[in-house]
Number of protein chains: 2
Amino acid sequence: MTPANLAPAESAIDIDAQQIRDAIRDAIVERRLAPGTKLSETDVGSLFKVSRTLVRAALQALSYEGLISVEKNRGAFVASPSVAEAQQIFATRRLLEPVILREAAPHIGKTQVTELRALLAEEERLTNQRGAPARRAEIKASGDFHLAVAAMSGNAILKRFMDELVARSSLVIALYGQSVISSCGHSEHQQIVDALETKDVATACALMLQHIDHIEADLDLRPARKGSDLKDAFHL
Amino acid sequence: MTPANLAPAESAIDIDAQQIRDAIRDAIVERRLAPGTKLSETDVGSLFKVSRTLVRAALQALSYEGLISVEKNRGAFVASPSVAEAQQIFATRRLLEPVILREAAPHIGKTQVTELRALLAEEERLTNQRGAPARRAEIKASGDFHLAVAAMSGNAILKRFMDELVARSSLVIALYGQSVISSCGHSEHQQIVDALETKDVATACALMLQHIDHIEADLDLRPARKGSDLKDAFHL
DNA sequence: AAGCGCGATATTGTATACAATAATAGGCAA
DNA sequence: TTGCCTATTATTGTATACAATATCGCGCTT
């Protein structure tokens, strides 16, 4: 499969590695590229009208983020996190997000609440809209909420860690998600903002943990899936 | 300055990007390469007897880790974290290391304690040894202790986050450290292991925070240093 | 003498060419 | 027909060539 669904409107002249990286990352996060999809250097290159050099740079960067895996002499593939990796990703989010919330809380005033509510509004708008593009935008918007909170912590390092975790979460949801319905309960984000607005950090943290639980509850993280249990797959 | 102190014994045939990256990272972490040092692509390439292609790949990877900064059309330099960055690095360690400790604690049994004590013994051996190479090894060993604990958490993602933080901490210490003496109080590591051995996680966390405080206390993180305050520098 | 501008030089950015490895298909033998 | 082996093809890995940009030094001007 040659991904023809990669470059939205990047026909602007003079693409650089960073833009390619962002375009591919967006495509992965919005699930236009399925886990396992091969990203051939020449294909991607011709798509963006650049040489393999820049493509390789972009792919290398994405592999560092854990969004693609490059196999020596075989090429780059959109990552398919194993069950174990999926569990680690969410375990890490459970550990980090409360910490981030506590860090961010002191910096959250009227301005920040307004900013977060704007994100919520956008989420809601997308929820009420139908069609695949809206679903994709919704996935991204849902992640953006978590990232916005992380940014408010004022700690760029934490923000970067969350960038990675949110992006990889999207992959996990693509692989193991069951309900087609939105990945993130929108109302839960709302409740978290409410708690933040009243400076009730403890409640906000509790809600965040519940929220992550709910996301993970929608996942089917049973061991199978890895070819080994073929008989099991047919037996039922 | 062309770094002649980079490749220890890498004359082994067929170096790849990963090895170059590791060699440079070690050189940075062990402070054989000072912050601000320029890493010219051709120089590094001829040093390892590879083309610029591989060097660029290695440099790109290191820039993701925050160990070097690449300026467009100007080249790559060993990073010199600003005061603000330095503070964020340590702030993040203060947030993460207790979390890691709590995660690791359940997995720490006799075997793990033995492993940690072996690291402590190595640290002590180096402390009692004189000469620059021993000092370098000591810096690395001190970081290795923190990384070993992170590894015991069983969470590869947390481990990777700590990899980055420990490496960058080494840069900060190189830049802002005052005492020439060892960066990490060795006895503090020992106390932490003692607490872990008795499953006293709360104490271990408290000791860890104190430990980080002590490291940071040895730093001179006053704003100056950035050229702007020349008059201040001479005034005193 | 100091400052400015311009040309020479060196270094990085990108594309391409070549080498090495893996995937594929076809044919041969059992 | 099935299985294996080989030749072919395609793709990645690495080096090199060329283009673009920045740096440095020289000479000119004021």
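Reminder, nothing fancy here: chain letters follow the sequence lines and each chain counts from 1.
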Does the pair A:Glu65/A:Arg21 count as a salt bridge with the N-to-O cut at 4.0 Å? yes
Assess the residue pair B:Arg94 and B:Glu216 against the criterion (salt bridge (charged side-chain N to carboxylate O under 4.0 Å, His left out)); give the C-alpha distance rounded to whole Å, side-chain angles, the decisive distance to 0.1 Å, and a yes or no. CA-CA 11 Å; B:Arg94 258 193 282 270; B:Glu216 208 172 345; 2.5 Å; yes
Assign a letter to each nucleotide of nucleotides 11-17 of chain C from its 5' end: B, base within under 4.0 Å of a protein heavy atom; S, sugar-phosphate only; -, no contact. SBBBBBB
If we ignore angles and hydrogens, is there a donor and acceptor under 3.5 Å between the side chains of B:Glu123 and B:Ser142? no
Salt-bridged, A:Arg136 to A:Glu30, with N to O below 4.0 Å? no
Do B:Arg125 and B:Gln129 have a side chain donor and acceptor closer than 3.5 Å? yes
